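The structure appears below as structure tokens.
Computed from a predicted model, the values in this text were never measured in an experiment.
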Amino acid sequence: MLANLRIVLVQTYHPGNIGASARAMKTMGLTDLVLVNPRRFPDPEASRLAAGAEDIVEAARVVDSLEAAVSDCVQVVGASARLRNQPLPHYDEPDAMARDLITQAEHDPVALVFGRERFGLTNDEIRCCSHQVSIPANPDYGILNLSQAVQVLAYEAFKAWRQRPQSGYAPQRPTQERQPSREQLAHFHAHLSRVMQASGFITQPHARTEQHLQALFARAQPSRKELSLLRGLLASLEP
């Protein structure tokens with residue numbers, strides 16, 4: 001599905017924004033970038049700001065019109081901070097847009113379209129879209145950089161994709177350390193008891209200190225490695 005989701009940048013003024021947008025795409029698993037009449041491209045600044053996503057910049061296609069960029073798409077969503085007088089369906093929330101877009105992308109190409117840094121998409125360009133979307137922001141200062149807007153909507157698309165049961169997405173997690181056996185825990189508590197008694201920490205046989213400490217370590221659930229570290233500490237305290 002993500003392979004069917006296209007990012008279209010219209011007449012990008014600063015080539016660095018192309019690279020930064022490619023970087024935003026790659027972090028969210030998107031690879032299809034189309035540029036409509038960029039002011040300067042290719043350009044070293046685009047590659048520099050891609051910062052590891054140079055492959056997306058190098059594979060970007062350049063076309064001379066928005067119509068050519070989205071002609072094969074079944075759904076085209078124009079990102080705009082300003083509402084236009086166009087009778088297009090409008091998404092007030094990017095997550096709702098992303099769910100619909102990913103559903104369409106299961107079988108056909110779809111596109112997210114971003115306009116110029118200074119004034120966005122024209123009315124004619126909006127007419128090339130099937131839908132509009134806005135990114136909710138501070139009403140007193142709702143200005144996002146081009147690559148920031150790409151990042152927000154790309155994230156929403158990636159989230160909508162990974163939440164589908166068939167995505168197979170598995171987040172990376174730290175390797176789970178092995179838990180100690182009951183025998184290893186028993187040896188640790190026996191060792192702890194010997195050290196506490198030899199040091200004079202436990203002076204009353206009827207005190208419940210040992211039971212409290214056993215409960216403490218049961219809640220802490222130390223790993224085998226951590227238990228070995230504690231055993232080493234206890235050994236260093238023995239005469």
Side-chain angles (χ1 to χ4, degrees), residues 1-81 84 86 88 91 94 97-98 100-133 135 144-158 160-161:
M1 292 178 220
L2 294 179
N4 270 341
L5 202 164
R6 180 176 306 158
I7 298 295
V8 180
L9 306 183
V10 177
Q11 290 188 354
T12 309
Y13 187 83
H14 297 287
N17 282 332
I18 296 173
S21 297
R23 182 179 183 181
M25 290 172 59
K26 190 164 186 175
T27 61
M28 296 298 128
L30 305 181
T31 58
D32 190 5
L33 175 62
V34 176
L35 308 174
V36 179
N37 291 325
R39 179 172 173 267
R40 284 164 36 204
F41 188 83
D43 189 278
E45 188 72 359
S47 298
R48 186 179 71 82
L49 288 185
E54 293 89 349
D55 55 328
I56 294 179
V57 172
E58 293 169 1
R61 291 175 289 130
V62 178
V63 297
D64 58 7
S65 68
L66 180 55
E67 291 87 346
V70 300
S71 61
D72 60 335
C73 295
V74 298
Q75 187 169 355
V76 179
V77 181
S80 177
R84 308 277 183 166
Q86 302 289 345
L88 292 179
Y91 292 103
M97 175 277 300
D100 288 350
L101 204 62
I102 287 296
T103 298
Q104 295 291 339
E106 188 170 2
H107 301 292
D108 297 289
V110 297
L112 275 170
V113 180
F114 300 83
R116 303 152 189 82
E117 294 95 328
R118 295 179 179 177
F119 57 89
L121 298 169
T122 65
N123 284 335
D124 286 343
E125 289 161 349
I126 288 291
R127 278 192 285 270
C128 287
C129 302
S130 60
H131 298 73
Q132 281 182 273
V133 66
I135 298 173
L144 277 76
N145 175 273
L146 173 59
S147 62
Q148 292 173 334
V150 172
Q151 185 74 80
V152 170
L153 297 187
Y155 167 76
E156 292 292 350
F158 182 72
W161 167 78

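- Separating the CG atom in Asn17 from the CG atom in Leu49 is a distance of 8.0 Å, to the nearest 0.5 Å.
- Rounded to the nearest 0.5 Å, atoms CZ (Arg116) and NE2 (His14) are 14.0 Å apart.
- For the residue pair Asp124 and Thr122, no side-chain donor N or O sits within less than 3.5 Å of a side-chain acceptor on the partner.
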- Message: Could you go through Ile126 and Gln132, starting from their C-alpha distance and side-chain angles, then the distance that decides it, and tell me whether this counts as side chain to side chain contact (heavy atoms under 4.5 Å, CB included)?
- Response: CA-CA 8 Å; Ile126 288 291; Gln132 281 182 273; 3.9 Å; yes

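- In terms of heavy-atom proximity, Val36 sits nearest to Leu66 at CG1-N, 3.8 Å.
- Annotation for Arg40 and Ile18: closest pair O-CD1, 4.3 Å, computed over non-hydrogen atoms.
- Contact check for Val62 versus Pro38: side-chain heavy atoms found under the 4.5 Å cut-off.
- The shortest non-hydrogen separation linking Ser21 to Leu146 is OG-CG, 4.1 Å.
- Formation of a donor-acceptor pair under 3.5 Å by the Lys26 side chain with backbone atoms of Gly52 is found in this model.
- For the residue pair Thr27 and Gln151, a side-chain donor N or O sits within less than 3.5 Å of a side-chain acceptor on the partner.
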- Under the side chain to side chain contact (heavy atoms under 4.5 Å, CB included) criterion, do Leu9 and Val150 qualify, and how do the steps go? CA-CA 9 Å; Leu9 306 183; Val150 172; 4.1 Å; yes

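- Partner of Leu101 under the side-chain contact (heavy atoms from CB on, under 4.5 Å) criterion, out of Val76, Asn4, Leu153, Leu112: Leu112 alone.
- Between Glu54 and Arg23 there is no salt bridge, since no side-chain N of the basic residue sits under 4.0 Å from a carboxylate O of the acidic one.
- The minimum heavy-atom distance linking Ala154 with Ala24 is given by the pair CB-O, 4.4 Å.
- Atom-to-atom distance recorded for Met1:CE and Thr103:OG1 is 8.0 Å, nearest 0.5 angstrom.
- Within the 4.5 Å cutoff, no side-chain heavy atoms of Leu5 are placed close to those of Trp161.
- With rounding to the nearest 0.5 angstrom, the CZ atom of Phe158 is 10.0 Å from the CD1 atom of Ile102.
- Across all non-hydrogen atoms, the minimal contact from Phe41 to Ala60 is CZ-CB, 4.3 Å.
- Formation of a donor-acceptor pair under 3.5 Å by the Asn37 side chain with backbone atoms of Asp64 is found in this model.
- Put simply, CE on Met97 and CD on Gln75 are 9.0 Å apart, with the number rounded to the nearest 0.5 Å.
- Listed for the Glu117 side chain is a donor-acceptor partner under 3.5 Å among the backbone atoms of Tyr13.
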- Task: Would you please test Thr12 and Arg39 for side chain to side chain contact (heavy atoms under 4.5 Å, CB included) and show each step?
- Result: CA-CA 6 Å; Thr12 309; Arg39 179 172 173 267; over 6 Å; no

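- Interatomic distance, Cys128 SG to Leu121 CG, rounded to the nearest 0.5 Å: 9.5 Å.
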- Message: Assess the residue pair Leu33 and Met25 against the criterion (side chain to side chain contact (heavy atoms under 4.5 Å, CB included)); give the C-alpha distance rounded to whole Å, side-chain angles, the decisive distance to 0.1 Å, and a yes or no.
- Response: CA-CA 9 Å; Leu33 175 62; Met25 290 172 59; 3.9 Å; yes

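- With a 6.0 Å radius and a threshold of 12 heavy atoms from other residues, nucleotides or ligands, Arg6 has its CZ atom above the threshold.
- Here the side chains of Asp32 and Val34 are in contact, with some heavy-atom distance below 4.5 Å.
- Between Ala157 and Leu2, the shortest heavy-atom contact is O-CD2, 4.5 Å.
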